[in-house]
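To keep things clear, I will list the structure first and then write my remarks on it.
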Amino acid sequence: RCVQETGVHGETLFVASSDFCHWGARFDFCYYNEKDGKIYESIEKLDRQGMKAIENNSPDEFHDYLEKTENTICGRHPITLLLAAMKSTGAKFETKFVNYSQSGKVTDPSDSSVSYASAYSAKQSQFNQLCLLYTSP
């Protein structure tokens with residue numbers, strides 16, 4: 001309701017902040033699909049699947065992704081809440097990821113890392129203006 005009342009009609013900025021995959025024994029999460037390459041490549045592929053669900057602005061798709069993969073995205077709840085709030089407005093939003101990194105390139109099962117991703121969302125009518133702002137030198 002908060003997004004409906006302020007975010008669509010004004011210039012309000014909503015932020016949902018989260019790390020992505022926390023990988024390693026210390027995080028009790030060691031998903032690895034050898035078909036994806038090295039461990040860090042498998043982690044990135046896993047994260048990018050979740051990022052795609054977010055870019056699709058689909059809280060249901062993101063929820064299904066989390067259920068299926070059990071990825072350790074610690075901000076899953078604020079992300080899902082923001083996706084659901086955007087959907088509830090009836091407005092068309094576009095979301096774009098602009099950066100992705102990992103704290104380390106895991107190559108050995110004894111390693112660990114945390115993934116980071118940055119994105120922004122805007123109503124489609126404002127999205128091109130934001131793209132220009134983001135890419136300006």
Side-chain angles (χ1 to χ4, degrees):
R1 195 169 73 202
C2 179
V3 172
Q4 285 178 317
E5 294 172 5
T6 60
V8 175
H9 304 294
E11 294 185 13
T12 304
L13 173 67
F14 293 91
V15 177
S17 178
S18 178
D19 299 335
F20 267 64
C21 184
H22 293 66
W23 195 95
R26 69 186 179 134
F27 300 116
D28 197 30
F29 187 76
C30 297
Y31 169 86
Y32 175 45
N33 185 338
E34 291 181 15
K35 295 177 187 175
D36 295 333
K38 295 184 171 128
I39 297 171
Y40 69 88
E41 294 169 322
S42 178
I43 295 167
E44 181 170 351
K45 184 171 182 183
L46 178 71
D47 282 335
R48 290 204 181 271
Q49 291 170 8
M51 293 161 64
K52 181 68 176 164
I54 294 168
E55 284 185 328
N56 289 341
N57 294 316
S58 174
D60 295 330
E61 184 180 341
F62 185 61
H63 177 267
D64 292 347
Y65 160 80
L66 292 170
E67 289 289 313
K68 177 183 171 190
T69 66
E70 299 182 356
N71 196 352
T72 54
I73 299 172
C74 57
R76 63 185 46 177
H77 299 299
I79 292 169
T80 302
L81 178 65
L82 187 57
L83 290 172
M86 291 188 315
K87 182 178 179 180
S88 75
T89 67
K92 298 286 185 192
F93 286 85
E94 193 161 341
T95 299
K96 179 178 176 147
F97 276 87
V98 293
N99 196 15
Y100 175 83
S101 63
Q102 297 173 352
S103 62
K105 299 285 187 192
V106 176
T107 57
D108 187 88
S110 64
D111 293 340
S112 64
S113 77
V114 177
S115 303
Y116 309 98
S118 302
Y120 61 91
S121 298
K123 287 194 302 185
Q124 285 182 340
S125 61
Q126 300 168 330
F127 190 78
N128 288 335
Q129 294 170 351
L130 285 175
C131 288
L132 290 173
L133 287 173
Y134 181 78
T135 57
S136 296

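Residue numbers run from 1 in the order of the sequence given. On a predicted model such as this, the values are computed, not experimentally measured, just so you know.
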How about Asp108: does its CG atom have over 12 heavy atoms from other parts shown lying under 6.0 Å from it?
yes
Working to the nearest 0.5 Å, report the span between OG1 of Thr107 and CD of Glu41.
10.5 Å
Find the distance between NZ (Lys38) and CD (Glu44) and round it off to the nearest 0.5 Å.
13.5 Å
Are the side chains of Gln102 and Ile43 in touch, meaning some heavy atoms are under 4.5 Å apart?
yes
Following the transitive rule for hydrophobic clusters with a side-chain heavy-atom cut-off under 4.5 Å over Ile, Leu, Val, Met, Phe, Trp and Tyr, establish whether Tyr32 and Tyr65 coincide in one cluster.
yes
Going hydrophobic residue to hydrophobic residue with side-chain gaps under 4.5 angstrom, can you get from Phe97 over to Phe62?
yes
Using a 6.0 Å cut-off, check whether atom CD of Gln49 has over 12 heavy atoms from anything other than its own residue.
yes
Would you say that Phe93 contacts Leu82 through its side chain, given a criterion of any heavy-atom pair below 4.5 Å between the two side chains?
no
Heavy-atom nearest pair, Pro78 first then Gly75, reads CD-O, 3.0 Å
Distance, nearest 0.5 Å, that separates NE2 of His63 from CG of Asp60:
8.5 Å
Would you name the heavy atoms of Lys105 and Asp111 that are closest together and state the gap between them?
O-OD2, 4.4 Å
What's the spacing between Thr95 OG1 and Tyr120 OH if we round to 0.5 Å?
9.5 Å
Please confirm whether the backbone N or O of Asn33 pairs with a side-chain atom of Ser42, one donor and one acceptor, at under 3.5 Å?
yes
Looking at Ser113, Pro109, Cys30, which hits side chain to side chain contact (heavy atoms under 4.5 Å, CB included) with Ile39?
Pro109
Less than 4.5 Å apart, any side-chain heavy atom of Thr72 and any of Phe27?
no
In one Ile/Leu/Val/Met/Phe/Trp/Tyr side-chain cluster, 4.5 Å: Leu81, Ile79
no
Within this structure, what is the CG-CD distance for the pair Leu66 and Glu61, rounded to the nearest 0.5 Å?
11.0 Å
Any chance the side chains of Tyr100 and Ser115 put a donor and an acceptor closer than 3.5 Å?
yes
Measuring from Ile73:CD1 to Thr80:OG1, what's the distance to the nearest 0.5 Å?
9.0 Å
Over all heavy atoms of both residues, which pair between Asn57 and Ser121 is shortest? Give the atoms and the distance, please.
OD1-OG, 4.4 Å
Looking just at side-chain N and O atoms, do Asn71 and Tyr31 make a donor-acceptor pair shorter than 3.5 Å?
no
Considering only heavy atoms from C-beta outward, does the side chain of Phe20 approach that of Leu46 to under 4.5 Å?
no
